[in-house]
Amino acid sequence: MLTCLAMVAFAANSILTRQALTEPVIDPVSFGTARVIAGALMLAVLVRLQRGQLGFRLADWPAAFALFGYVVFFSYAYLTLASGTGALILFGAVQITMFGWAINKGERLGTAGWFGLCLAFLGLVWLVLPGVTAPDLCGAAMMALAGIAWGVYSLRGQGAGNPLNATAINFIAVAPLMLLLLLAAQAAGADLKVSMAGLLLAFASGALASGCGYAMWYAALPMLGTGKAAIVQLSVPVIAAFGGVLLLAEPLTSRLLVASMMVLGGVLVALRQKER
């Protein structure tokens with residue numbers, strides 16, 4: 001259940017980010033800053049309700065810097081990339097990062113697990129194929145870095161003792177970094193654009209989709225294992241696509257249905273495979 005809720009939150013975050021940056025109603029660095037601050041505030045309140053304690057001395061700084069890199073690179077990459085192209089690069093980089101670490105640590109999926117992974121990835125390619133274009137080199141590089149950063153952040157989450165507290169501390173640690181980046185962008189004369197609609201989208205992305213979603217993801221990670229945690233994230237584009245059908249009146253096509261069955265079927269096969 002935690003994994004399902006976390007994947008829905010990730011998909012919602014993708015929809016909110018694309019909606020904010022493609023219109024655009026806010027610039028990437030302002031969106032990322034507002035998103036992180038909203039997430040930090042929401043998580044601090046939740047930790048306080050649990051009577052937990054926060055402190056910078058407890059921050060997992062490698063995870064915090066990985067989160068910072070993901071937020072920045074992800075936001076800027078979608079200025080030049082189509083959504084389908086961005087999804088392939090992002091999740092490809094996540095898979096390579098997490099599977100590389102899993103294999104290095106001796107984790108094995110088995111034949112059925114690898115079959116499920118291939119089926120799910122082919123389904124993802126089939127889903128986004130109409131939107132795939134030759135990527136802008138700078139945008140592709142930034143999205144690949146975002147995928148690597150997210151893979152590192154997920155790997156660090158497997159050792160989090162208190163998922164909610166760890167996520168809150170990471171967001172609080174990243175908030176001043178985002179503020180410094182915003183000030184640097186302003187000093188450099190960057191074209192900053194902020195509107196009420198953009199801030200509302202950033203707050204929803206940060207407080208709900210990011211803050212709560214990442215806390216649930218950190219709670220689920222220790223029970224999944226590295227390989228399965230990498231595979232299950234392939235379901236996010238499918239959930240986002242169906243979210244577009246339900247919320248944005250996008251058409252429900254046969255391609256979406258077939259690709260969804262491939263992705264979710266592959267994820268199911270891989271998750272049911274017992275690790276050696």
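Bear in mind that the values here come from a model prediction, so they are computed numbers and not experimental data.
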Using every non-hydrogen atom in the two residues, find where [X] and [Y] come nearest and quote the distance to one decimal.
{"X": "A259", "Y": "G123", "result": "CB-O, 3.4 Å"}
{"X": "C212", "Y": "L46", "result": "SG-CD1, 4.1 Å"}
{"X": "S260", "Y": "F242", "result": "OG-CE1, 3.0 Å"}
{"X": "L264", "Y": "S235", "result": "CD2-CB, 3.9 Å"}
{"X": "I239", "Y": "A11", "result": "CG2-CB, 3.6 Å"}
{"X": "A9", "Y": "G213", "result": "CB-CA, 3.6 Å"}

Separation of [Y] [atom2] from [X] [atom1] (nearest 0.5 Å):
{"X": "C118", "Y": "M262", "atom1": "SG", "atom2": "CE", "value": "10.5 Å"}
{"X": "S154", "Y": "W101", "atom1": "OG", "atom2": "CH2", "value": "13.5 Å"}
{"X": "I169", "Y": "D60", "atom1": "CD1", "atom2": "CG", "value": "9.5 Å"}
{"X": "Q95", "Y": "L90", "atom1": "CD", "atom2": "CG", "value": "10.0 Å"}
{"X": "F74", "Y": "M143", "atom1": "CZ", "atom2": "CE", "value": "5.5 Å"}
{"X": "K228", "Y": "I231", "atom1": "NZ", "atom2": "CD1", "value": "8.5 Å"}

Begin with the C-alpha distance, continue with both residues' side-chain angles, and end with the deciding distance and a verdict on side-chain contact (heavy atoms from CB on, under 4.5 Å) for F68 and V72.
CA-CA 6 Å; F68 172 73; V72 173; 3.9 Å; yes

Judged by atom type as modelled, is there a donor-acceptor pair below 3.5 Å linking the side chain of T17 to the main-chain atoms of S14?
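Not a single qualifying donor-acceptor pair exists.
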
Is there a side-chain contact between [X] and [Y], using heavy atoms and a 4.5 Å cut-off?
{"X": "I26", "Y": "L201", "result": "no"}
{"X": "L181", "Y": "T33", "result": "no"}
{"X": "F171", "Y": "M42", "result": "no"}
{"X": "P62", "Y": "V152", "result": "no"}
{"X": "M178", "Y": "I37", "result": "no"}
{"X": "L192", "Y": "L182", "result": "yes"}
{"X": "V94", "Y": "Q233", "result": "yes"}
{"X": "F65", "Y": "L177", "result": "yes"}

Is there a path of hydrophobic side-chain contacts, each under 4.5 Å between heavy atoms of I, L, V, M, F, W or Y residues, that connects [X] with [Y]?
{"X": "I172", "Y": "L179", "answer": "no"}
{"X": "L67", "Y": "L41", "answer": "no"}
{"X": "V71", "Y": "L155", "answer": "yes"}
{"X": "V236", "Y": "V232", "answer": "yes"}
{"X": "W217", "Y": "L43", "answer": "yes"}

With sequence neighbours left out, the residues meeting side chain to side chain donor-acceptor pair (under 3.5 Å) with N13 are S205, S210

Residues sharing L2's hydrophobic cluster, by side-chain heavy-atom contacts under 4.5 Å among ILVMFWY, directly or via others?
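Same cluster as L2: M1, L5, M216, M223.
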
Derivation of the side-chain contact (heavy atoms from CB on, under 4.5 Å) call for R48 and V45:
CA-CA 5 Å; R48 184 63 179 173; V45 170; 5.6 Å; no

Just checking, is any N or O donor in the side chain of S30 or D27 under 3.5 Å from an acceptor N or O on the other one?
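There is such a pair (donor and acceptor under 3.5 Å, judged by atom type) between the side chains of S30 and D27.
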
Any chance you could lay out the side-chain contact (heavy atoms from CB on, under 4.5 Å) test for F203 and R35, step after step, and finish with the verdict?
CA-CA 5 Å; F203 290 157; R35 173 185 173 187; over 6 Å; no

Does the ring center of Y153 lie less than 6.0 Å from the ring center of Y218?
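Between Y153 and Y218, the centre distance is under 6.0 Å.
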
Do the ring planes of W150 and F10 sit parallel (below 30°), tilted (30 to 60°) or perpendicular (above 60°)?
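Aromatic pair W150/F10 classed perpendicular.
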
Show your working on side-chain contact (heavy atoms from CB on, under 4.5 Å) between V29 and Y76 and close with a plain yes or no.
CA-CA 8 Å; V29 67; Y76 274 102; 3.6 Å; yes

